[in-house]
Each structure stands twice: as C-alpha cells, then as structure tokens.
Visitor: 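Have a look at the structure that comes next, please.
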Amino acid sequence: MPPGGGGPTNDCEYSQISTRSSSPMESPHKKKVPRRKWEAFPGRNKFYCNGRIMMARQTGVFYLTLVLIVVTSGLFFAFDCPFLASHITPAIPVIGGVLFFFVMGTLLRTSFSDPGVLPRATPDEAADLERQIANGSSSGGYRPPPRTKEVIINGQTVKLKYCFTCKIFRPPRASHCSLCDNCVERFDHHCPWVGNCVGKRNYRFFYMFILSLSFLTIFIFAFVITHVILRSHQVGFLNALKDTPASVLEVVVCFFSVWSIVGLSGFHTYLISSNQTTNEDIKGSWSSKRGKDNYNPYSYGNIFTNCCAALCGPLPPSLIDRRGFILPDTPQPVAPSNGIAMYGATQSQSNMCDQDQCIQSTKFVLQAAATPLLQSEPIIITDEPPLPGKTTLTSPCATLPLGQPTPPTSTPNLSCDADMMPMREEHEGHHFLTPEDAPSPPGMLPTGSPLTHSHTMHLYNPASQDSLHEDSVRGLVKLSSV
C-alpha cells in the first residue's frame, strides 16, 4: 500500500469525459448546404426531382390530358385489341403500343423541360443599363428606359422590346409569359394541356406530340369501329354494343377530340412550313409573301428547309442552369416590379439605413435645442429677497406641458400661488432645471451677470434683442424640418 493511502490504486474508477456537445453553440463553423438555383427561381414555376422537372403552376389541365390518353388507350388495349389481334392481325396492338409510348414520351418531354426561359438581369446589370440610358438622355431629370430598340435582320427592321419585369431587352421572337412570369425565347404560346410554355427548346416535342396524338386518336377510332362492325355481324349490332360498352366510350371520346387535335396539328404544320410562331401569326407580324414590305425575315424561302430547321436543328442548351448551386457572392436576379425602378435603386440598404438614422438623430438634436428658445416666456429678474418657500411674480405662473423641455429661468425655487400648490405636489417626481443647470439661450445674460444684482426690475423681450438671435432660432427650425 502506498503511504497514507486508503486502498489500492486499481480500485479507482475514472469517468470518461465526452468531447461532443449537443448544444448548437458549440459548432459555429458548421458547413451550410449550398442551395440550388431552382430553389430561388423568381418565376412562377414548379420544380420536381431536385430541379430536373420544370412545369407551370397551373397543372390541372395537364393531369386531365394524361387521364384522357391513358384511360382511352387502356380501354382499347384491354377490350378491343384481343379481338382484333385474333380476327385481323397481331400487328394492331403492336402499332397501337408504339404510338401510345411515343405520345406519352413527347408529352412528358414537352411538359417537364425548360421551354427556353431567359435569365433575368442581376441588380448590377439592371443598374448599369439604367445608368447608360440616364447618361445618354439630354435632359437632366429622370428618364424611364425606352421600350424598344431596333435591329436589322435579313434586311427587315425588328424591334426589341424592354421587359420591365426581367429588366432586359428581349431578343427577337421572345415574349414574356404572363402565367409563368418568364421571358421565353422564340415564344409560341402557353399551352395548359401540356402544363408548360411552348418555346424554342420544346416546340419540336410539342409538334411531335400533337401529330402523334392525331395518329393515335384516328387509329383507335378506326379500329374500335372495325371491332364493333365485325362483332355485329356475329351477334347483331345491339348485342355487340351490349357486349363491348368500353368501345362505345372510346368512340365518343375519340370523335369529339379528333377534330381539335387534327386541326391543331394542321395549323402548326403550316407555321413550321413558313417558320412562324403562334404569337407572330395571331399578331399578324409577317407576311408569307417575300415581295411585301413586312415579309418574314426568319423564313428560308423553302418549306423543306423551314421544317428541317424547326424539327432537326441542334437543340439549344438551357440558359437558367436551374440545378446549379448559388454561390455566396453571386448577385441574384431582380425581383418583379410593377413600375420603373429609379436610377440608383440598387444602393445597399445598410447605407440607406445609416443615412436615415443620422438624419433622424440630427433632427432630434436640433428640435431639442430649438424648443427652449421658442417656448421661453418674458422673465422678471429682481434681487428682492424671496419669501421662505415662495416667490411672488407679477405675472401668473405658466403651466408647462409634460414631455416638453423645461425653459430656463432666472429665479431659484420658482413656485406658483397657494392655489397651485397641489399641482406642484403632483409633479413632485419631475426634475426642474435651475439657472445653473440649464444653458442660457443666445442673447440672454447669465445668472451671475451684474444685472442680477440691480434693484431695477428688468423684463426680457425677444423683439428688443439683436436680430442675430431671431435668425439663429429660425435657422434651427428650418434645419429641424429638413
């Protein structure tokens, strides 16, 4: 045993000290997970699968489109294809399946992709554009940015419009979608049936969708009628309708939808052949004839070339990089605004808060300094010995409102008459300044001046003083109202 020990050392137990703390204050340097750009996207869009899927907010009609296609095709494959494959040819369900998957693929590709959204200007870019416009204006006052610029494309003058929401001059054929709140390159239209805008990056998939859907609708409609006719030869027309009620539903859906789908396909075939968009055709921007003044500068003059350029050209990349990470020092796009942003609106808010705080502090100091001068009443200075606890004045005692600065006086222990003593007791907790504590306003003599020892009664009149006093008071009031 060790000397003075109470037991062997191996009997001692040591508790383990935890080096980890559950308190969040112990880990101030915890690394933040960077946000992706789609999480701070300024437009009115929905994103799924970590930004891989991009759609408009109004997607109710899109789900209706899915239901109509899937239900109609499902009824056809379940109730009509077995009879047609056994009585005509097994190629019918195969062809129907190929058309169905092609329609669904082009629909989802149109709905889930970026239609060609143009990125908005950052605050620095918007301020630089406004600075250039302000420097170029002849007048010294503020001038709003012009709405158009003119460029020459294939000998035709094209106007570039300024977007006050995105703070950019839109490129040719671009337009701002009011539903998605984005500027879309080569904007065609906003289609609620696909739940997205149709623009430069998904127009070809939209055209393939409506064209293949036209073929699928005609295919289902024709072979459902064939199925009913072949079955009616065996059991009669009424019994055939009773045996296949799903076929009746398919015929009704296809009959009322085939006209609009086929008509829409024909209209967009005309637009592709003339290299126009729906937006340009509705507005009547261009003429299909080359000899006219408003000929289409984007047409190649050949139907085959126009179709190849629209359907087989290279697919441009997305400009918004919605799955990229937001860097800490990267300026974000400007927020939408209903009016025109004034020049210099991009100044930091911290500097403006400091300026406002400085202005408010200056006003408070000037008002506090000017209030005693404006509220000073004529004061009587005399050297008569005051009575104990009471001083009698020739004029009634003025009652001061609470919260106002106390005007300087030249008599210590100022009090009112006997009937005013209760009011003095009520405000006994307030502190009243004495002549030694309160600073004398400009033009008034201090308490220790020779006039205070004179037996003659002196009445202070501001009008009889030098005009410097009056000008100083007016100056302080003007400064406090700035």
Side-chain angles (χ1 to χ4, degrees), residues 95 98-99 101-103 105-111 113-118 148-161 169-177 182-191 193-194 196-219 258-319:
I95 297 175
V98 171
L99 285 175
F101 284 108
F102 189 82
V103 167
T106 53
L107 171 61
L108 297 180
R109 185 68 172 81
T110 304
S111 304
S113 62
D114 171 23
V117 176
L118 296 172
T148 58
K149 282 185 177 182
E150 292 184 353
V151 295
I152 305 298
I153 299 178
N154 294 330
Q156 185 71 273
T157 302
V158 179
K159 293 183 178 181
L160 307 182
K161 295 183 178 181
F169 280 98
R170 293 192 290 262
R173 316 188 82 177
S175 183
H176 190 89
C177 177
N182 296 314
C183 281
V184 181
E185 193 174 7
R186 199 184 182 275
F187 178 76
D188 191 88
H189 69 289
H190 181 92
C191 183
W193 296 97
V194 300
N196 203 352
C197 289
V198 178
K200 185 175 183 179
R201 297 192 70 252
N202 63 349
Y203 180 78
R204 66 182 63 182
F205 303 106
F206 172 77
Y207 177 74
M208 293 178 184
F209 163 67
I210 58 176
L211 187 63
S212 59
L213 183 61
S214 300
F215 287 120
L216 179 62
T217 306
I218 295 174
F219 181 85
V258 68
W259 309 107
S260 59
I261 297 174
V262 173
L264 187 63
S265 301
F267 173 69
H268 280 277
T269 302
Y270 156 74
L271 293 179
I272 288 178
S273 63
S274 59
N275 202 344
Q276 291 188 81
T277 64
T278 304
N279 189 37
E280 293 171 349
D281 184 76
I282 292 176
K283 293 180 178 179
S285 303
W286 315 114
S287 175
S288 57
K289 295 182 179 180
R290 193 74 179 178
K292 291 191 175 182
D293 295 336
N294 60 336
Y295 63 90
N296 186 7
Y298 308 107
S299 177
Y300 293 95
N302 189 339
I303 296 177
F304 180 77
T305 306
N306 289 334
C307 293
C308 290
L311 301 177
C312 304
L315 186 66
S318 178
L319 301 178

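Being a predicted model, the structure only gives us computed values, none of them experimental. Values below: all heavy atoms of this structure, side chains included; hydrogens, waters and symmetry mates excluded.
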Visitor: First locate atom OG of S175, then atom NZ of K283, and finally report the distance between them rounded to the nearest 0.5 Å.
Guide: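 S175 atom OG to K283 atom NZ measures 5.0 Å (nearest 0.5 Å).
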Visitor: Assess whether atom CZ of F215 is packed by more than 12 heavy atoms of other residues, nucleotides or ligands within 6.0 Å.
Guide: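 No, CZ of F215 has 12 or fewer neighbouring heavy atoms, counting only those of other groups under 6.0 Å.
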Visitor: P115 and C197: which non-hydrogen atoms are nearest, and at how many Å?
Guide: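 Distance-wise, the nearest heavy atoms are CB-O, 3.4 Å.
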Visitor: What is the distance from atom CZ of F102 to atom CG of L107, rounded to the nearest 0.5 Å?
Guide: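 Separation between the atoms: 12.0 Å.
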Visitor: A quick test of your reading: do over 12 heavy atoms of other residues, nucleotides or ligands sit less than 6.0 Å from CZ of F101?
Guide: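 For F101, atom CZ is not crowded (no more than 12 foreign heavy atoms under 6.0 Å).
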Visitor: Indicate the ring-plane relationship of F267 and Y270, choosing parallel, tilted or perpendicular according to the 30° and 60° boundaries.
Guide: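 F267 vs Y270 ring planes: tilted.
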Visitor: Between the main-chain N or O of L118 and the side-chain N or O of N182, is there a donor-acceptor pair closer than 3.5 Å?
Guide: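 Flag not set: sc N182 to bb L118 has no pair under 3.5 Å.
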Visitor: Look at the side chain of R204 and the backbone N and O of G313, then say whether any donor-acceptor pair between them is shorter than 3.5 Å.
Guide: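 Yes; at least one donor-acceptor contact below 3.5 Å.
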Visitor: How many angstroms lie between NE2 in H176 and NZ in K161, if you round to the nearest 0.5 Å?
Guide: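 It is 13.0 Å, given to the nearest 0.5 Å.
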Visitor: What closest approach, in Å, do S299 and N275 show between heavy atoms, and which atom pair accounts for it?
Guide: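 Taking S299 first and N275 second, the nearest heavy atoms are CA-CB, 4.0 Å.
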Visitor: Tell me if a side-chain donor or acceptor on S111 pairs with a main-chain N or O of L108 at a distance below 3.5 Å.
Guide: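 No, the answer is negative, given that no donor and acceptor are paired below the 3.5 Å cut-off.
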Visitor: For the side chain of D281 and the backbone of W286, is there at least one donor-acceptor N/O pair under 3.5 Å apart?
Guide: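 It does not hold such a pair.
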Visitor: For residues L319 and V117, report the shortest heavy-atom separation together with the two atoms involved.
Guide: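 Residues L319 and V117, closest heavy atoms: CB-O, 4.0 Å.
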Visitor: Can you check whether S113's main-chain N or O pairs, donor with acceptor, with N196's side chain at less than 3.5 Å?
Guide: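 Here the side-chain-to-backbone pair exists.
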Visitor: Would you compute the distance between atom CD of E185 and atom OG of S318 and round it to the nearest 0.5 angstrom?
Guide: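 Here the rounded value is 10.5 Å.
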Visitor: Looking only at heavy atoms, which two atoms of T106 and F205 are closest? And how far apart?
Guide: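 It is CB-O, 3.7 Å.
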Visitor: Can you tell if the side chain of N202 reaches within under 4.5 Å of the side chain of R109, non-hydrogen atoms only?
Guide: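 No, their side chains stay 4.5 Å or more apart.
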Visitor: Does NZ or CZ of R173 fall inside the cone over Y298's six-membered ring, less than 6.0 Å from its centre and within 45° of the axis?
Guide: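 The answer is yes, since R173 meets both limits relative to Y298.
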Visitor: Measure across I303 and S273 and return the closest heavy-atom pair with its distance rounded to 0.1 Å.
Guide: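 So the minimum-distance heavy-atom pair works out to CG2-CB, 3.6 Å.
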Visitor: Please check if the side chain of N279 supplies one atom and the backbone of I282 the other of a donor-acceptor pair under 3.5 Å.
Guide: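 No; judged by distance alone, with no hydrogens or angles, the pair does not exist.
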Visitor: Donor-acceptor pair, distance only, cut-off 3.5 Å: does the side chain of N306 make one with the backbone of N302?
Guide: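 Yes, N306 side chain to N302 backbone: donor-acceptor pair under 3.5 Å.
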Visitor: Between R201 (side chain) and P316 (backbone), is there a donor-acceptor pair under 3.5 Å?
Guide: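 Here the side-chain-to-backbone pair exists.
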Visitor: Between the main-chain N or O of I210 and the side-chain N or O of S265, is there a donor-acceptor pair closer than 3.5 Å?
Guide: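 Answer holds: yes.
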Visitor: Counting C-beta onward and ignoring hydrogens, is there a side-chain heavy-atom pair between L271 and T277 closer than 4.5 Å?
Guide: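 No, their side chains stay 4.5 Å or more apart.
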Visitor: Quick check for you: to the nearest 0.5 Å, what is the distance between L213 atom CG and L99 atom CG?
Guide: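 So the gap between those two atoms works out to 10.0 Å.
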Visitor: Go through it in stages, so that I can follow the logic: the residues are F206 and H189, the test is ring-ring contact (aromatic ring centres under 6.0 Å, His included), and I'd like the CA-CA distance, side-chain angles, deciding distance and then a yes or no.
Guide: CA-CA 11 Å; F206 172 77; H189 69 289; 5.2 Å; yes
Visitor: Kindly indicate, with the supporting measurements, whether the criterion side chain to side chain contact (heavy atoms under 4.5 Å, CB included) is fulfilled by H190 and V198.
Guide: CA-CA 6 Å; H190 181 92; V198 178; over 6 Å; no
Visitor: Looking only at heavy atoms, what is the nearest atom pair of P172 and I153, with distance?
Guide: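 Taking every non-hydrogen atom into account, CG-CD1, 3.6 Å.
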Visitor: Looking only at atom types and distance, does a side-chain atom of R170 sit under 3.5 Å from a main-chain N or O of L160, one as donor and one as acceptor?
Guide: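 Side chain of R170 to backbone of L160: no pair is present.
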Visitor: Measure centre to centre between the rings of H268 and Y203, then say whether the value is under 6.0 Å.
Guide: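 Aromatic pair counts; centres sit under 6.0 Å.
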Visitor: Could you state the interatomic distance from OH (Y207) to CG (L311), rounded to the nearest 0.5 Å?
Guide: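 Reported value, rounded in 0.5 Å steps: 6.5 Å.
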Visitor: Using only heavy-atom distances, determine whether the side chains of D188 and T278 contain a donor-acceptor pair under 3.5 Å.
Guide: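 There is such a pair (donor and acceptor under 3.5 Å, judged by atom type) between the side chains of D188 and T278.
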